[in-house]
Enquirer: 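I'd like to ask you about the structure that follows.
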Number of protein chains: 2
Amino acid sequence: MWMKATPSIDLPSGQRSLAAKPGTELLRRQNMLAVLGVLRLKGALSHTELSELTGLASATVTAVTVDLEKTGAIERQEQSAPSGRGRPRVLFERAAGFAYAVSVQISSDALHYALSDYRGKLIDRFSTVRDVNVARAGPLLQDIAASLARLLGRSKLSPEAFSQLSLSSKGIVESEIGRLVWSPVLGREEVDFSVLADAYPNCHLSLSNETLLVVQALARRQSSRSEMPPNGLVALSLGHSIGLGIARMEAGEIMTTAPNFGHMLNAPDNRLCRCGAYGCIEASAGFYGILRLAFQVPPNTIPAKFVPLAEMEKIAQSARQGNRMAQYAFRQAGLALGQGLSRVLSLAGDMPVAITGPGNRFYDLLTGGVEEGLSQSLHVRLNGQPAISLVQDEQTLVFEGHVDRALNAIDHRVTQVR
Amino acid sequence: MWMKATPSIDLPSGQRSLAAKPGTELLRRQNMLAVLGVLRLKGALSHTELSELTGLASATVTAVTVDLEKTGAIERQEQSAPSGRGRPRVLFERAAGFAYAVSVQISSDALHYALSDYRGKLIDRFSTVRDVNVARAGPLLQDIAASLARLLGRSKLSPEAFSQLSLSSKGIVESEIGRLVWSPVLGREEVDFSVLADAYPNCHLSLSNETLLVVQALARRQSSRSEMPPNGLVALSLGHSIGLGIARMEAGEIMTTAPNFGHMLNAPDNRLCRCGAYGCIEASAGFYGILRLAFQVPPNTIPAKFVPLAEMEKIAQSARQGNRMAQYAFRQAGLALGQGLSRVLSLAGDMPVAITGPGNRFYDLLTGGVEEGLSQSLHVRLNGQPAISLVQDEQTLVFEGHVDRALNAIDHRVTQVR
DNA sequence: GATATTTTCTCGACTGTCGAGAAAAACAAT
DNA sequence: ATTGTTTTTCTCGACAGTCGAGAAAATATC
């Protein structure tokens with residue numbers, strides 16, 4: 001879909017693209033990343049397996065592992081079950097205590113904290129409820145800071161051990177600088193999370209859109225099974241708000257993006273969205289939009305702040321039992337989603353769609369509208385309906401995405417300086 | 001906008017990503033490409049300038065230029081105006097006769113042929129008219145084959161000299177295999193252009209969407225002036241049909257894509273599009289769509305095959321003189337464009353928009369609708385209106401894009417095998 | 001204990017980049 | 001004419017990294 005083109009060197013002077021590094025050394029860096037990556041994916045591996053999986057020559061593997069051992073990022077498991085005859089293989093593994101990653105999932109009604117070691121193993125987790133009515137940035141930041149301290153205390157680690165703090169929220173995010181630009185709960189009040197890392201000297205911070213993490217995790221799962229579709233994949237998260245993420249492989253790495261799908265203009269109608277605009281996809285397909293339609297509330301009514309899942313289940317049940325208005329509401333929601341998806345696929349190319357989030361339990365009611373919306377575009381009429389699958393347990397996906405991105409950031413940092 | 005992530009080595013065994021090459025040698029390849037690229041951009045350059053512009057050490061430049069000279073891709077200008085005192089600089093330059101690129105722009109009413117040398121200089125060009133009524137693939141292919149032979153004859157080159165044949169058309173394209181999947185003129189009749197290269201033993205073929213070439217040329221112009229916006233740029237081509245291309249820098253290279261914008265679903269209305277669907281952007285904003293609205297023809301009327309520009313000028317003039325229906329038609333067109341653009345920006349991030357094509361002379365009539373459509377999305381309300389500029393002479397841009405991509409492909413091939 | 005087997009590690013060759021300084025080639029001054 | 005001066009190009013040795021082959025290590029089997 002994307003086409004490569006010009007070299008186009010237009011750099012002022014004396015510096016290369018951004019890997020402005022001494023030429024050949026970044027080769028080594030890539031190889032180190034490859035070794036670390038495959039170790040994360042597959043667990044403990046022998047020298048030989050490492051060589052096979054990375055494609056590196058055996059000698060190179062030695063050089064790289066020696067390097068990595070020296071920095072402390074990997075260690076060798078001395079004991080090993082003697083598998084057959086011949087010299088027993090020694091297994092390399094990521095050193096669990098080398099670094100720790102903290103993930104914080106900021107959702108509308110709760111905050112989920114997790115601590116993982118350098119192998120990606122979950123060490124500790126807890127959640128705190130969030131008062132939906134206190135929609136202010138200040139208290140939120142204090143709350144998180146306190147919980148981080150609590151996480152540290154329970155782990156009995158030193159503050160230096162925290163290497164990466166990965167935050168996520170629904171909404172629009174400037175991930176480089178850790179600033180939340182717009183969120184369903186806080187609206188246009190910008191939140192600068194970067195202060196949270198100040199208490200931990202080695203800790204870097206990243207802020208991600210929630211569905212970006214979902215699609216990251218999905219892509220990771222698929223690519224670890226060598227099942228990554230060539231054009232990438234889409235994750236669509238259905239709930240009170242609508243999120244969408246796209247992942248594609250690029251130069252052997254997973255690249256993800258979380259466009260502003262829920263508030264992409266769908267149709268210039270009079271359905272009022274939480275964001276203040278009319279005609280957003282979310283205004284039709286978010287829980288509050290479905291609710292509003294099902295109960296024939298005027299579509300420009302200010303949306304409910306929160307719709308309990310039980311409420312949605314009731315509407316779904318009445319739809320399944322034949323209630324026309326409820327059926328219509330879900331169909332309209334599906335239509336908006338299908339139309340929106342058709343636009344995404346027109347723009348980004350054809351790819352499979354994974355539907356996650358609490359709303360995907362209603363997919364039986366949405367599917368008709370989705371297919372209708374999809375087939376209204378030339379793209380779908382040429383390429384056929386995209387493959388759509390339901391994936392459960394979004395929460396776990398978010399966590400996996402957190403860990404994946406966090407460890408990845410750490411790996412890049414470790415191999416960088418040397 | 002796009003975020004880098006996992007190493008994720010999931011390759012079956014023994015082979016690296018796709019540059020499955022012997023490690024360090026692709027460093028050299030990159031450096032060769034850098035030298036070739038900067039020579040194409042800036043013309044003749046001395047050893048010292050080469051070193052400065054590429055960031056390579058002087059010794060490396062020597063190594064690379066020696067290599068490239070050996071293959072014949074570059075040559076040294078012996079004579080040089082003695083600039084000052086000191087040893088005179090010898091200038092390297094791409095060897096004009098090293099390879100030749102042929103571009104063919106397939107438009108609805110004409111075919112434009114051009115031959116360029118390895119420096120990108122235009123050698124020869126001519127156009128042939130295309131019978132709009134003969135909308136069949138066979139005659140078209142024969143016509144092109146004959147014209148290519150004519151181009152070869154006039155150039156007095158041998159058939160081996162043609163190194164790259166770059167075709168372009170509006171529509172949907174599978175560029176890798178040179179197949180046109182859908183085009184405004186031929187509809188769903190697929191055309192396989194790959195046979196055209198058979199007569200030229202060294203010739204490779206590429207097929208691009210026309211607006212992709214436009215945005216490629218724009219990106220090249222901007223990046224050569226170091227003015228490339230960080231998020232990339234969008235080109236929107238207005239005419240009988242609507243095209244859109246996106247370009248962004250990635251790892252120092254221009255990456256382009258031409259999504260299926262004209263037939264992206266805009267609103268589920270009853271405006272019939274050429275593609276057979278209802279509600280495409282083109283059905284509102286293409287010339288035939290504007291015409292239909294202005295003359296109050298029923299919107300589900302089968303679109304005109306071709307609308308002369310003079311006809312559009314008449315409508316525009318009457319709109320400028322106050323005709324309400326004509327004004328409405330342009331406003332609706334602008335609205336569809338603005339809404340579509342807002343979706344593109346929501347998905348791909350904020351970037352400047354360049355408007356090209358014959359329709360951009362009517363932009364004064366479109367602008368109101370465009371701005372209204374844009375501002376209906378949260379993205380634009382947060383980031384403000386995107387920078388919109390008008391760029392004239394689309395034809396030249398297409399040609400530049402052709403040459404850029406063709407030479408680039410040749411450069412990659414040259415540096416590849418060794 | 002010898003042998004076979006499997007895995008890891010070491011060594012030398014090769015490729016490529018870099019910095020520094022030598023060589024080249026012009027002009028200017030004596 | 002010769003000697004410097006200046007500017008640019010080219011060469012050389014050092015260094016970093018990868019690779020293939022084969023030596024070395026460590027175990028099971030005979």
Side-chain angles (χ1 to χ4, degrees), chain A residues 14-17 19-35 44-70 74 76-92 415 417-418, chain B residues 14-17 19-35 44-70 74-93 415 417-418:
Chain A
Q15 42 188 335
R16 292 271 279 292
S17 60
K21 287 295 127 45
T24 147
E25 306 199 356
L26 72 97
L27 253 293
R28 167 58 65 95
R29 183 172 177 226
Q30 284 189 316
N31 291 337
M32 290 174 104
L33 282 173
V35 167
L45 292 174
S46 73
H47 180 106
T48 315
E49 291 167 314
L50 240 28
S51 168
E52 280 169 6
L53 288 165
T54 60
L56 265 35
S58 165
T60 310
V61 171
T62 305
V64 169
T65 50
V66 166
D67 253 33
L68 285 173
E69 245 180 323
K70 224 173 288 177
I74 68 173
R76 38 212 323 156
Q77 286 186 341
E78 286 306 347
Q79 43 75 18
S80 59
S83 47
R85 76 186 189 172
R87 178 172 175 170
R89 28 182 65 184
V90 311
L91 299 183
F92 291 96
T415 55
V417 193
R418 321 209 312 105
Chain B
Q15 41 188 334
R16 292 271 279 293
S17 59
K21 287 293 127 47
T24 148
E25 306 198 357
L26 71 98
L27 253 293
R28 167 59 66 93
R29 183 172 178 227
Q30 284 190 314
N31 291 338
M32 291 174 104
L33 281 173
V35 167
L45 292 174
S46 74
H47 181 109
T48 315
E49 291 167 315
L50 240 28
S51 168
E52 280 168 5
L53 287 165
T54 60
L56 265 35
S58 165
T60 310
V61 171
T62 305
V64 169
T65 50
V66 166
D67 254 32
L68 285 174
E69 243 180 322
K70 224 173 286 177
I74 67 173
E75 57 195 9
R76 37 213 325 154
Q77 286 187 342
E78 287 306 347
Q79 44 75 20
S80 58
S83 46
R85 75 185 194 170
R87 177 171 176 171
R89 28 182 65 185
V90 312
L91 300 182
F92 291 96
E93 195 168 10
T415 55
V417 192
R418 322 212 309 103

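Order of the sequence lines fixes the chain letters, A, B, ..., with proteins taken first and strands second; residue numbering starts at 1 for each chain. Since this is a predicted model, take the numbers as computed values, not measurements.
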Enquirer: Using the test side-chain hydrogen bond (donor to acceptor under 3.5 Å, both in side chains), find all partners of S58(A) that sit at least two apart in sequence or belong to another chain.
Expert: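 side-chain hydrogen bond (donor to acceptor under 3.5 Å, both in side chains) check on S58(A) returns H47(A).
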Enquirer: On the side chain of S58(B), is there an atom forming a donor-acceptor pair with the base of dC10(D) - under 3.5 Å, no angle test?
Expert: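 In this structure, the two groups form a donor-acceptor pair.
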Enquirer: So S46(A), base contact, sugar-phosphate only, or nothing? Heavy-atom distance under 4.0 Å.
Expert: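 Sugar-phosphate, backbone atoms only, no base.
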Enquirer: Apply side-chain hydrogen bond (donor to acceptor under 3.5 Å, both in side chains) to S46(A) and list each qualifying residue two or more places apart in sequence or on a separate chain.
Expert: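 Checked S46(A) against side-chain hydrogen bond (donor to acceptor under 3.5 Å, both in side chains); matches are E49(A).
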Enquirer: Show the distances under 3.5 angstrom between N or O atoms of the protein and N or O atoms of nucleotides 12-14 of chain C.
Expert:
none

Enquirer: How far does the helix from dG1(C)-dC30(D) to dT30(C)-dA1(D) bend, going by the axes of its first and last five pairs, to the nearest 10°?
Expert: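 The angle separating the two end axes equals 40°.
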Enquirer: What's the shortest heavy-atom distance between V61(B) and L56(B), and which atoms?
Expert: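 For V61(B) versus L56(B), the nearest heavy atoms are CG2-CB, 4.0 Å.
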Enquirer: Applying side-chain hydrogen bond (donor to acceptor under 3.5 Å, both in side chains), can you list everything that pairs with R87(A), at least two apart in sequence or on another chain?
Expert: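 For R87(A) there are no side-chain hydrogen bond (donor to acceptor under 3.5 Å, both in side chains) partners, ignoring immediate neighbours.
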Enquirer: Is there a side-chain contact between T24(B) and the phosphate of dT18(D), meaning an N or O under 4.0 Å from OP1 or OP2?
Expert: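 Checking dT18(D) against T24(B), no side-chain N or O comes under 4.0 Å of OP1 or OP2.
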Enquirer: On DNA chain C, check which nucleotide each of G86(A) and E49(A) is closest to and give me the residue with the more 5' one.
Expert: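 Closer to the 5' end of DNA chain C: G86(A).
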Enquirer: Return the polar atom pairs (N/O with N/O) between nucleotides 1-4 of chain D and the protein under 3.5 Å, or none.
Expert:
none

Enquirer: Please identify each residue that fulfils side-chain contact (heavy atoms from CB on, under 4.5 Å) with A44(B), with sequence neighbours left out.
Expert: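 Expected list: Q77(B), L91(B), E93(B).
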Enquirer: Excluding sequence neighbours, so at least two apart, what forms side-chain hydrogen bond (donor to acceptor under 3.5 Å, both in side chains) with T60(B)?
Expert: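 If we apply the side-chain hydrogen bond (donor to acceptor under 3.5 Å, both in side chains) test to T60(B), skipping adjacent residues, there are no hits.
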